[in-house]
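So you know, we letter chains A, B, ... as the sequences are listed, proteins then strands, and number each from 1.
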Amino acid sequence: MSNSANLSPLILVDGSSYLFRAYHVPYLQALSTASGQPTGAITGVLNMIRSLKKDYPNGNVVVVFDAKGKTFRSDMYPEYKANRPPMPDDLRSQIAPLHEIIEAMGLPLLVVPGVEADDVIGTLAKQASEQGIETVISTGDKDMAQLVTEHVRLINTMTNVELDVDGVIEKFGVKPEQIIDYLALMGDKVDNIPGVVKCGPKTAVKWLTEHGTLEGVIANADKVKGKIGENLRDALEQLPLSYQLATIKCDVELEQTAEQLQPTAADVEKLTELYQTFELRRLLAELTGSSDSEPQETSKAKPKQAKASTSDEVIVQAVEVSETQYQIIYNQDEFLTWLAKLKESKRFAFDTETTSIDYMQAELVGLSFACEPGKAAYVPVAHDYVGAPEQLSRDWVLAQLKPLLESTEILKIGQNLKYDINVLSHYDIEVQGIAFDTMIESYCFNSIATRHNMDALAEKYLDHKTVHFEDIAGKGAKQLTFNQIDIEKAGHYAAEDADITLRLHLALFPALEQLSEQLAVFNDIEMPLLPVLARMEQGGVLIDSDLLAEQSQSLGQRLAALEIEAHNLAGQSFNLSSPKQLQKILFEDLKIPVIKKTPKGAPSTAEEVLQELALDYPLPKVILENRGLSKLKSTYTDKLPLMVSSRSGRLHTSYHQAVTATGRLSSTEPNLQNIPIRSEQGRKIRQAFIAPKDHKIVAIDYSQIELRIMAHLSNDKGLVTAFSEGKDIHKATAAEIFAVPLDQVTSEQRRSAKAINFGLIYGMSAFGLAKQLHIGRNQAQEYMDMYFKRYPGVLTYMEETREQASSQGYVETIYGRRLYLPDINARNGMRKKAAERAAINAPMQGTAADIIKKAMLAVDTWLQEQADDRIKMTMQVHDELIFEIHQDIVEETTQKLVELMNNAAELSVPLIAEAGMGDNWDEAH
DNA sequence: TAGATGGACTA
DNA sequence: ATAGTCCATCTAC
């Protein structure tokens with residue numbers, strides 16, 4: 001790797017680019033000292049420097065930051081970076097300490113006024129190249145690609161992507177020396193550099209490939225056709241300026257040359273002090289050499305642990321793997337050797353490869369395993385393309401594996417294990433010992449840090465880019481299924497899946513273990529829930545497809561009639577379901593006044609708007625009815641019957657356990673959590689969710705669970721009392737706000753109170769409440785003031801929650817499930833306010849989610865004990881569980897289920913579940 | 001053909 | 001005003 005000149009490579013760190021990026025990493029944003037000084041960006045940059053030093057042990061690290069104030073580019077072009085918001089205070093406050101730390105580490109630190117860090121880096125790289133010194137520039141900024149030469153490479157330390165000359169060509173499609181031309185053509189929104197309108201990377205590459213340079217493109221501008229050609233010609237005058245702005249200056253006058261910038265000895269005393277001040281415990285431990293004797297601080301006393309989870313950093317540490325050994329298994333001996341190894345290791349990671357992502361249709365094609373990092377095996381059993389080698393038989397392999405997979409002693413590690421469990425259940429294997437799902441580990445660790453699919457997790461936590469399924473199967477219509485993929489390619493992919501899953505577990509679980517409450521959510525709620533959800537998915541629900549077909553038909557007729565009526569009223573034919581066409585007709589042709597605009601600025605045709613317009617005009621009413629009905633038809637009556645499994649004759653959803661920010665489940669394909677209920681037409685769809693012969697549908701839902709949780713959390717005396725006395729809570733609220741006796745509350749007053757109660761759960765603003773109730777803002781504010789006067793405990797709770805969110809960067813449920821709120825201290829007022837509302841809502845919504853999950857566990861445990869196939873839990877809809885129960889035992893079973901749900905949590909107010917029963921879901925509700 | 005947009009459905 | 005999923009349309013590739 002080192003070059004012939006045998007000099008240490010120069011490692012130039014673009015400190016400012018990393019500082020900004022680290023600042024925006026949610027996981028880092030939550031970090032601060034006990035006294036509230038934010039440290040996330042400091043931590044991020046230091047971690048990055050640390051990993052650079054590890055990757056380039058003999059490298060000569062130099063760190064460069066932007067200086068304060070304007071640069072020569074602003075003189076050239078006053079609008080340069082004029083759009084940039086000022087630097088947020090919580091970032092600014094991290095810069096000086098970071099500089100101090102870097103200097104104490106003994107690393108040369110350059111901050112040169114009048115130019116940007118890029119220019120300093122460019123200058124040093126050029127000098128180094130002239131001396132024959134290899135240079136590596138560590139940056140996240142694509143503009144730096146212009147500096148790449150034979151002797152200068154870029155490394156993005158956050159993604160671990162290295163770019164040399166060929167890399168630049170591959171990534172950008174142009175050579176490094178064309179990068180400036182490329183940037184000039186595209187312009188830069190962020191830096192406010194003008195470019196050619198509508199010219200993105202694709203067009204820029206196309207032109208530069210044709211004409212070589214910006215000059216070439218300019219010379220040939222008159223030949224470019226179409227709108228984009230006009231745009232190019234419009235831009236001709238300012239393109240030279242854009243070129244100048246995009247050019248990194250490589251002749252900055254510096255006090256020291258590249259050669260003179262050498263590290264000095266670290267000032268350990270100063271460093272220690274700084275690390276202590278900023279509570280950078282891991283770095284401190286490394287500095288004082290105590291890292292190996294005490295790998296984790298968590299095994300110590302409790303108070304320390306509590307502190308560690310509020311202000312300290314929990315690091316996800318990946319295992320180092322020097323090389324990987326992935327094996328494809330074709331014969332019985334090799335297989336049995338692996339089997340013995342798995343058995344011996346007491347825990348292993350596995351993954352199934354199948355023909356479909358739909359668990360009801362999937363057929364097993366192969367399995368992969370790993371029990372030490374870097375080593376994994378793939379066992380193909382059903383690749384059937386022409387010329388596929390002979391493979392072990394699926395039945396034999398599964399028969400051998402069955403005892404292991406069903407053992408409660410041997411622990412399983414997987415990524416989205418619910419899928420594998422469902423697939424294997426079709427081969428008569430009931431997986432047990434389900435201990436670690438890496439998807440859920442990541443979710444419990446931080447629900448919003450990343451998506452929780454394997455590719456994303458590997459990139460984020462292992463710094464590893466996995467082979468993606470599309471890479472081996474292709475995409476679009478001609479995507480192959482797994483059985484059609486060449487075994488050698490498939491084998492590497494599949495083995496990597498198992499290996500990465502194991503490595504993710506080894507990285508994530510120890511991190512999770514440092515957060516005792518989240519570990520409990522993982523161990524006591526989420527992992528036990530996984531097989532329960534698998535059973536519900538597998539069991540499915542029964543629908544009456546004929547009834548839905550009838551409804552589709554009658555909806556179709558009504559829609560046709562509405563369409564004709566709408567065309568008549570509009571005086572022209574148009575597509576009723578096109579908001580765009582409707583906008584034109586309503587607001588241009590019919591000249592109806594615009595009430596509200598969409599986020600993009602177009603006049604809105606949303607329901608609330610049409611509702612209002614319907615008072616004065618006939619067309620909006622027709623559109624409204626059409627909208628509602630066509631939604632019902634396309635999403636429900638047409639679609640649901642098509643999704644019935646031919647295998648079971650029932651409808652099987654997928655519940656997702658790692659999607660929502662707050663801890664709720666979500667449901668897809670189909671979504672059973674948004675089946676209509678409000679409109680008359682909508683309820684008809686619920687009538688198609690039926691019980692099997694001799695069975696009843698029982699639906700049990702929690703009454704006002706989120707408000708009860710609010711009462712519990714706020715411990716407001718009035719609210720707790722109201723619930724304890726079993727009052728109609730909206731009515732009771734109305735009586736307080738409007739200062740009337742309970743029995744004199746009007747229905748209008750109750751409605752307002754109900755809106756306020758909902759508003760509270762949603763982190764209400766006077767603005768939002770006013771909109772909801774169609775009243776003035778002042779009036780809404782008066783209602784709120786009165787509410788908080790009557791329920792002061794709630795006000796205190798809200799204030800404390802905002803305060804807590806702001807100081808620690810997250811809020812939590814009563815079981816300690818956390819939601820991080822990266823925007824809680826945002827400078828942008830809108831984002832900050834939105835984060836505050838989420839902060840208010842999450843503890844209530846999330847605690848409700850925790851409680852119903854606990855109820856599901858209790859119910860499932862009881863059902864397993866009963867082992868009675870006349871009772872089945874079929875659906876969960878956030879605060880409601882739906883069952884199929886044989887009519888002979890429906891009464892006593894329902895009573896028992898209600899009791900289990902009522903006892904799922906102990907709050908300071910009663911937790912009440914209410915049951916309904918019927919032949920279909922509509923009747924049961 | 002993928003992604004954005006605007007709208008509608010749920011708790 | 002909190003949290004989601006899914007649909008049709010339109011646009012850009």
Specify the residue among A:Ala755 and A:Lys580 whose closest nucleotide of DNA chain C lies further upstream toward the 5′ end.
A:Ala755
Check the distance between C:dT9's P and A:Gln583's CD and give it to me in whole angstrom.
15 Å
Regarding A:Thr637 and A:Gln551, do their side chains bring together a donor and an acceptor under 3.5 Å, going by distance alone?
no
Side chains of A:Asn757 and A:Gln704: do they bring a donor and an acceptor to under 3.5 Å?
no
Taken to the nearest whole Å, CD/A:Gln479 to P/B:dT1 is 13 Å
Give the C-alpha distance, both sets of side-chain angles, the deciding distance and a yes or no for salt bridge (charged side-chain N to carboxylate O under 4.0 Å, His left out) between A:Glu565 and A:Lys621.
CA-CA 11 Å; A:Glu565 204 182 330; A:Lys621 190 157 176 262; over 6 Å; no
Interatomic distance where CG belongs to A:Asp879 and P belongs to C:dA3 [whole Å]
17 Å
Side chain of A:Lys198 only, heavy atoms from C-beta on: which candidate in B:dG7, C:dA12, B:dA11 is closest?
C:dA12
Send over the distance from A:Glu608 CD to C:dA1 C1', rounded to a whole Å.
12 Å
Would you mind classifying the nucleic acid contact of A:Ser630 as base, sugar-phosphate or nothing, using non-hydrogen atoms under 4.0 angstrom?
nothing
Send over the distance from A:Leu586 CG to B:dG7 P, rounded to a whole Å.
11 Å
CZ/A:Arg627 to OG1/A:Thr605 distance, rounded to the nearest 0.5 angstrom?
4.0 Å
What is the nucleic acid contact for A:Ala661, judged by heavy atoms within less than 4.0 Å: base, sugar-phosphate only, or nothing?
sugar-phosphate
Think A:Thr662 has a side-chain N or O under 4.0 angstrom from the OP1 or OP2 of C:dA3?
no
Distance to the ring centre below 6.0 angstrom and angle to the axis at most 45 degrees; does that hold for A:Lys833 and A:Phe767?
no
Looking across every strand, which nucleic acid part, if any, lies under 4.0 Å from A:Gly763 by heavy atom: base, sugar-phosphate, or nothing?
nothing
Answer yes or no: is there a side-chain heavy-atom contact under 4.5 Å between A:Arg817 and A:Glu526?
yes
OP1 or OP2 of B:dG6 under 4.0 Å from side-chain N/O of A:Ser604:
no
Need one value for A:Gly628: base, sugar-phosphate or nothing, where a base atom within 4.0 Å counts as base even if backbone is also close, heavy atoms only.
sugar-phosphate
With heavy atoms under 4.0 Å as the rule, sort A:Phe767 into base, sugar-phosphate or nothing.
sugar-phosphate
Categorize A:Leu769 for me: base, sugar-phosphate, or nothing, with a 4.0 angstrom heavy-atom threshold over every strand shown.
base
Euclidean distance, atom CE of residue A:Met710 to atom P of C:dA1 [Å, nearest integer]:
19 Å
Check the distance between C:dA3's P and A:His878's NE2 and give it to me in whole angstrom.
13 Å
Under-3.5 Å N/O pairs linking protein and nucleotides 5-8 of chain C:
unit_1, atom_1, unit_2, atom_2, d
C:dT5, OP1, A:Ser666, OG, 3.1
C:dT5, O4', A:Asn671, ND2, 2.8
C:dC6, OP1, A:Glu669, N, 2.8
C:dC6, O2, A:Lys631, NZ, 2.9
C:dC7, OP1, A:Lys639, NZ, 3.2
C:dA8, O3', A:Ser577, OG, 3.4

Counting any heavy atom closer than 4.0 Å, what does A:Ile840 reach on the DNA or RNA strands: base, sugar-phosphate only, or nothing?
nothing
Integer-rounded Å distance: B:dA11 P and A:Ile700 CD1:
17 Å
Minimum-distance nucleotide to A:Arg678 side chain [options: B:dA11, B:dA8, C:dT9]:
B:dA11
Give one of base, sugar-phosphate or nothing for A:Ala780, where a contact means two heavy atoms less than 4.0 Å apart.
nothing
Reckon A:Gln581 touches a base, only the sugar-phosphate, or nothing at all at heavy-atom distances under 4.0 Å?
sugar-phosphate
Taking the minimum atom-to-atom distance to the side chain of A:Thr660, which one of C:dA3, B:dA11, B:dG7 wins?
C:dA3
If you check every side-chain atom of A:Glu607, which of C:dT2, B:dG7, B:dA8 has the closest atom?
B:dA8
Is the closest side-chain heavy-atom distance between A:Glu612 and A:Pro620 below 4.5 Å?
no
For A:Arg650, does the CZ atom have more than 12 heavy-atom neighbours from other residues, nucleotides or ligands under 6.0 Å away?
yes
Looking at C:dT2, does its base get a donor-acceptor pair with the side chain of A:Gln845 below 3.5 Å?
yes
Residue pairs passing the side-chain hydrogen bond (donor to acceptor under 3.5 Å, both in side chains) test where at least one lies in residues 772-785 of chain A, sequence neighbours excluded
A:Gln781-A:Asp785
Hey, does A:Arg664 reach any base, or is it just sugar-phosphate, or nothing, if we go heavy atoms under 4.0 Å?
base
Tell me what A:Glu706 touches on the nucleic acid: a base, only sugar-phosphate, or nothing, going by heavy atoms under 4.0 Å.
nothing
